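The structure appears below as structure tokens.
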Amino acid sequence: QFVESGGGLVPPGGSLNLSCAAAGFTLDAYIIGWFRQAPGKEHEGVACLEGTGPDTYYTLSTNGRFTLSRDNVKNTVYLHMNSLEPEDTGIYYCGAVRSTLTTVQAMCVITYSPVDYDAWGQGTQVTVSS
């Protein structure tokens, strides 16, 4: 499973760095995605990357403000978020699917129930408000 951390309350224009640590498996064989669930809405893809390799995908909502990184030694994926907007508010989750079954783009664009992912986290709350 995943353990997400790093969320919090920030004003508009602020920054946060989220972490997603994998437990019980290694990232190498998976595509990993960050997903966001805004209040009253279904979760949606935010940014996705390969567990090994260079491919990444960012959804339009990130608009160049978010950056993914990965530390395979620590088995952790990071989401660096800048210029945060109130619309970025929500619970941020990590999910993983075996890389033989999906691509980084499909991982972000097509969303499923959390139980359908090979791994899913408990989420971390991000609130952007003045």
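Values in this document were obtained by computation on a predicted structure and should not be read as measured data.
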task: Please list all pairs passing the disulfide bond (SG atoms under 2.5 Å apart) test where one or both residues lie in residues 68-130, with sequence neighbours left out.
output: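 Matches after skipping sequence neighbours: Cys20-Cys94, Cys48-Cys108.
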
message: For Asn82, give me all partners under side-chain hydrogen bond (donor to acceptor under 3.5 Å, both in side chains), at least two apart in sequence or on another chain.
response: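 If we apply the side-chain hydrogen bond (donor to acceptor under 3.5 Å, both in side chains) test to Asn82, skipping adjacent residues, the hits are Ser15.
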
Counterpart residues, side-chain hydrogen bond (donor to acceptor under 3.5 Å, both in side chains), relative to Thr59 (two or more places apart):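 Per chain and number, Thr59 pairs via side-chain hydrogen bond (donor to acceptor under 3.5 Å, both in side chains) with Ser61.
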
message: Please check this pair: side chain of Gln105 against backbone of Val109, looking for a donor-acceptor N/O pair closer than 3.5 Å.
response: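 Such a contact is absent between Gln105 side chain and Val109 backbone.
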
task: For the pair Asp71 (side chain) and Lys74 (backbone), establish whether a donor and an acceptor sit closer than 3.5 Å, ignoring hydrogens and angles.
output: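 Checked: pair present.
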
- prompt: Hey, quick one: are Val77 and Val97 part of the same hydrophobic cluster, counting side-chain heavy atoms closer than 4.5 Å, chains of contacts allowed?
  reply: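 Different clusters: Val77 never reaches Val97 through Ile, Leu, Val, Met, Phe, Trp or Tyr contacts under 4.5 Å.
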
query: Would a hydrophobic clustering, with Ile, Leu, Val, Met, Phe, Trp and Tyr connected at side-chain separations under 4.5 Å, put Tyr112 with Tyr93?
result: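 Yes, Tyr112 and Tyr93 fall within the same hydrophobic cluster.
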
With a 4.5 Å limit on heavy-atom distance, are the side chains of [X] and [Y] in contact?
X     : Y     : value
Tyr92 : Trp34 : yes
Ile31 : Leu49 : no
Asn72 : Asp28 : yes
Glu85 : Arg65 : yes

query: Could you walk me through whether Leu18 and Glu4 pass the side-chain contact (heavy atoms from CB on, under 4.5 Å) check?
result: CA-CA 7 Å; Leu18 305 185; Glu4 299 96 336; over 6 Å; no

task: Check the pair Met81 / Asn17 against side-chain contact (heavy atoms from CB on, under 4.5 Å), numbers first and verdict last.
output: CA-CA 6 Å; Met81 305 190 295; Asn17 294 313; over 6 Å; no

field: Nearest non-hydrogen partners of Thr127 and Gln125, listed with the distance
entry: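 Closest pair (atom of Thr127, atom of Gln125, distance): OG1-NE2, 3.3 Å.
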
field: Closest approach of Gly45 to Thr111 (non-hydrogen atoms, all atoms of both residues)
entry: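 Smallest interatomic distance, heavy atoms only, reads N-CG2, 3.8 Å.
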
task: From the options Val46, Leu68, Leu79, select the one residue that forms a side chain to side chain contact (heavy atoms under 4.5 Å, CB included) with Thr62.
output: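 Result for side chain to side chain contact (heavy atoms under 4.5 Å, CB included) with Thr62: Val46.
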
task: List for me each residue that meets side-chain contact (heavy atoms from CB on, under 4.5 Å) alongside Val128, sequence neighbours excluded, and say none if there are none.
output: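 Here the qualifying residues are Val10, Pro12, Leu84, Pro86, Asp88, Thr89, Val126.
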
- prompt: Residues sharing Val73's hydrophobic cluster, by side-chain heavy-atom contacts under 4.5 Å among ILVMFWY, directly or via others?
  reply: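 Answer for Val73: none, a lone residue.
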
message: Listing request: all ring pair (Phe, Tyr, Trp, His ring centres under 6.0 Å) pairs with a residue in residues 56-87, at least two apart in sequence or in separate chains.
response: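 Sorted pair list comes back empty.
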
query: Taking only residues at least two apart or on different chains, which pairs with a member in residues 5-24 satisfy salt bridge (Lys or Arg N to Asp or Glu O under 4.0 Å)?
result: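 Applying salt bridge (Lys or Arg N to Asp or Glu O under 4.0 Å) to every pair that reaches into residues 5-24, excluding sequence neighbours, yields nothing.
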
- prompt: Do any pairs count as a salt bridge (Lys or Arg N to Asp or Glu O under 4.0 Å) and have a residue in residues 90-118, sequence neighbours left out, and if so which ones?
  reply: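 Every pair satisfying salt bridge (Lys or Arg N to Asp or Glu O under 4.0 Å) with a residue in residues 90-118: there are none.
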
- prompt: Could you give all pairs that pass the side chain to side chain donor-acceptor pair (under 3.5 Å) test and reach residues 42-52, with sequence neighbours left out?
  reply: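 Residue pairs passing side chain to side chain donor-acceptor pair (under 3.5 Å), neighbours aside: Arg36-Glu44.
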
field: Sequence-distant partners of Glu87, salt bridge (Lys or Arg N to Asp or Glu O under 4.0 Å), two or more places apart
entry: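 Residues passing salt bridge (Lys or Arg N to Asp or Glu O under 4.0 Å) with Glu87: none at all.
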
- request: Using the test ring pair (Phe, Tyr, Trp, His ring centres under 6.0 Å), find all partners of Phe25 that sit at least two apart in sequence or belong to another chain.
  value: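 Phe25: ring pair (Phe, Tyr, Trp, His ring centres under 6.0 Å) contacts with Phe2, Tyr30.
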
message: I'd like to check the ring pair (Phe, Tyr, Trp, His ring centres under 6.0 Å) partners of Tyr117; sequence neighbours left out, ordered by chain and number.
response: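 Per chain and number, Tyr117 pairs via ring pair (Phe, Tyr, Trp, His ring centres under 6.0 Å) with Phe35, Trp120.
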
message: Checking Arg70 against Thr76 for the side-chain contact (heavy atoms from CB on, under 4.5 Å) test, could you report, in this order, the C-alpha distance in whole Å, the side-chain angles of both residues, the deciding distance, and whether it holds?
response: CA-CA 6 Å; Arg70 183 188 71 227; Thr76 299; over 6 Å; no

